[in-house]
Amino acid sequence: MDSLNQYTDSELKLIYRILHENLASSPDLMDSDLLNDLQTLLQQKARQDGVDVSLHSQWAAWLSGLPQELS
């Protein structure tokens, strides 16, 4: 099995957004180790880019590839 680090950030963000958007229809995803590992990795990358991941607007903008308001 390959490490998540081998994939591009854009691909990881896309997969995360798709999984996250489907939490309501697939609640088992909430307990998924893969989703948790992916979120942890992406949050680390976001923090390195200066994103405050506790601010939903910054986190969502970063995941979507949009400019963030750094407030």
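Heavy atoms only: backbone and side chains are in, while hydrogens, waters and symmetry mates are out. The shown structure was predicted, so the numbers you read here are calculated from the model rather than taken from an experiment.
For Ser25, there are no side chain to side chain donor-acceptor pair (under 3.5 Å) partners at least two apart in sequence or on another chain. In this structure Asp37 satisfies the salt bridge (charged side-chain N to carboxylate O under 4.0 Å, His left out) test with no other residue, sequence neighbours excluded. Remark: Leu23 engages His20, Leu29, Met30, Leu35 in a side chain to side chain contact (heavy atoms under 4.5 Å, CB included) (not counting sequence neighbours).
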Check residues 8-16 and write down every donor-acceptor pair under 3.5 Å in which the side-chain atom is one partner and the other belongs to a residue at least two apart or another chain.
| from | atom 1 | to | atom 2 | distance (Å) |
| --- | --- | --- | --- | --- |
| Thr8 | OG1 | Ser10 | OG | 3.3 |
| Thr8 | OG1 | Glu11 | N | 3.1 |
| Asp9 | OD1 | Lys45 | NZ | 3.0 |
| Lys13 | NZ | Trp62 | O | 3.0 |

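Contacts classified as ring-ring contact (aromatic ring centres under 6.0 Å, His included) and involving residues 24-57 (residues at least two apart or in different chains) are not found.
In this structure, Arg47 and Val53 approach most closely via the heavy-atom pair NH2-CG2, 3.3 Å.
Of the inter-residue distances, the one linking Ser26 atom OG with Leu19 atom CG reads 9.0 Å to the nearest 0.5 angstrom. To the nearest 0.5 angstrom, Gln39 atom CD is 9.0 Å from Leu63 atom CG. Here the CG atom belonging to Leu4 is positioned 10.0 Å from the OG1 atom belonging to Thr40, to the nearest 0.5 angstrom.
The closest side-chain donor-acceptor pair between Asp52 and Ser54 falls under 3.5 angstrom.
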